[in-house]
Amino acid sequence: MPKSNTNEMPRLLKQDQAQTIQRELLAWYNKNKRNLPWRQNKDPYKIWVSEIMLQQTRVDSVIPYFQRFIERFPSIEDLANAPEEQVIKAWEGLGYYSRAKNLHAAAKEIVFNGDGKIPSDRKSILKLKGIGSYTAGAILSIAYGKKVPAVDGNVMRVFSRLFALADDIHSSSTRKKMESIAEQLIPEENPGDFNQALMELGALICTPASPTCLFCPVRSVCDAYEQGIEEQLPRKKKAKPPVQQDVVIGFFRYREQFIGEKRPDQGLLAGLWGFPTFELSPGEDPLQKIKNFCDQKQIPGSKYIIKGKFKHVFSHRHWKVDVVQVDVKHPSFSLPATWEWMGIGQKEEKTWANVYQKVFKLE
DNA sequence: AATCCGGGGGG
DNA sequence: CCCCCAGGATT
């Protein structure tokens, strides 16, 4: 019987192409890999922390956070025993704060309910909060040398070009297809280095715009390069435009004190500190919005001034911000539950979302 | 399958 | 201005 149709997946890989990719990519990686802080050893804890930080975040942004984080929490026990506020504080400014909460929760799970070791099998590690298919593969292959794919955005872009695949890389079925390709491609020897080599190639050579194919170690077996379509790949559907939202931020003051607001535990900037923030309907006047609120809540405002304006961009939401300073006659009125009087000292203690750091800078 | 969740760097 | 980054959780 010919075995041509016995594979579950379409036969995307030619044998010689696969071998060339393995050989050339590993050789290139050994010569060109960047010296990154989490590449100094294979401590699963450090690999884990780095991979969580690197989710949707560039290497250059992560480096200083990683170094401070490891300094502050050198081991998984240190992390598990730390209060959550400290973990969030170490994440301040990095974004996607649920990553920090999930990392902390998983550390506690491992240390207090597990054996203190990060699991080395895929099924167990996938149960941990914040670890999905990619991160599981990255930890298992890099830290434990397991032959498990780690398909991220870089790898999908590289595969789209190497094999001239026109699948939309934003669709969830495409990632499964890419993982099955990676399964066939990943070598027994050095699976961790191979996974990192694919990502490193995507970061340094096979870049989203104007890839430097002339320096590419696998150019000779790249289908997109051969067809001259590398600039057209990968294919992706256009993202939905972000929501435009006008907001007004209240900066309430009494002498050297100001009011902070703890954001809700769910949603945007969950659990971080900021200032009282109100969404405006189209055309609504920010000053009037604050005044009305003070009247309703019997907040004794004496002076209301527009302190500044700025724009802030979240990936899925654009804020046009007016900051209104409210001087109050006296601080002894009842505060909403999430509000708190504080002094300049609390600025360092609490964790502030970046958008609210901009308010401090208006001072 | 769609949507939500930050922030920043580079073209 | 645009893209998209060593993605995962939720619905």
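In this text, all values refer to a predicted model and were calculated from it rather than measured experimentally. So you know, we letter chains A, B, ... as the sequences are listed, proteins then strands, and number each from 1.
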- Task: Could you tell me whether the side chains of A/Thr351 and A/Glu85 share a donor-acceptor contact shorter than 3.5 Å?
- Result: no

- Query: Can A/His318 and A/Lys311 be counted as having a side-chain donor-acceptor contact under 3.5 angstrom?
  - Reply: no

- Would A/Lys297 count as a cation-pi partner of A/Phe333, with NZ or CZ less than 6.0 Å from the six-membered ring centre and within 45° of the ring normal? no

Distances for protein N or O near nucleotides 9-11 of chain C N or O, under 3.5 Å:
unit_1 : atom_1 : unit_2   : atom_2 : d
C/dA9  : OP1    : A/Gly130 : N      : 2.8

Set of residues satisfying side-chain contact (heavy atoms from CB on, under 4.5 Å) with respect to [X], sequence neighbours excluded:
X	result
A/Gln22	A/Pro187, A/Phe194
A/Arg39	A/Tyr29, A/Lys33, A/Arg34, A/Leu36, A/Gln196, A/Glu200
A/Ser172	none

- Query: Between the main-chain N or O of A/Val328 and the side-chain N or O of A/Arg253, is there a donor-acceptor pair closer than 3.5 Å?
  - Reply: no

- Please state the P separation for the pair B/dG8 and C/dG8 - nearest whole angstrom. 22 Å

- For nucleotides B/dT3 and C/dA6, find the distance between their P atoms and express it as a whole number of Å. 24 Å

- Which nucleotides of nucleotides 2-11 of chain B have their base under 4.0 Å from a protein heavy atom (B), which only their sugar-phosphate (S), and which neither (-), written as one string 5' to 3'? --SBBBBB--

Base, sugar-phosphate, or nothing for [X], non-hydrogen atoms under 4.0 angstrom?
X	answer
A/Lys101	nothing
A/Ser171	nothing
A/Arg157	sugar-phosphate
A/Thr135	sugar-phosphate
A/Val59	base

- Message: Holding to salt bridge (Lys or Arg N to Asp or Glu O under 4.0 Å), I want the full list of residues that pass it with A/Lys350, two or more places apart in sequence or in another chain.
- Response: A/Glu340

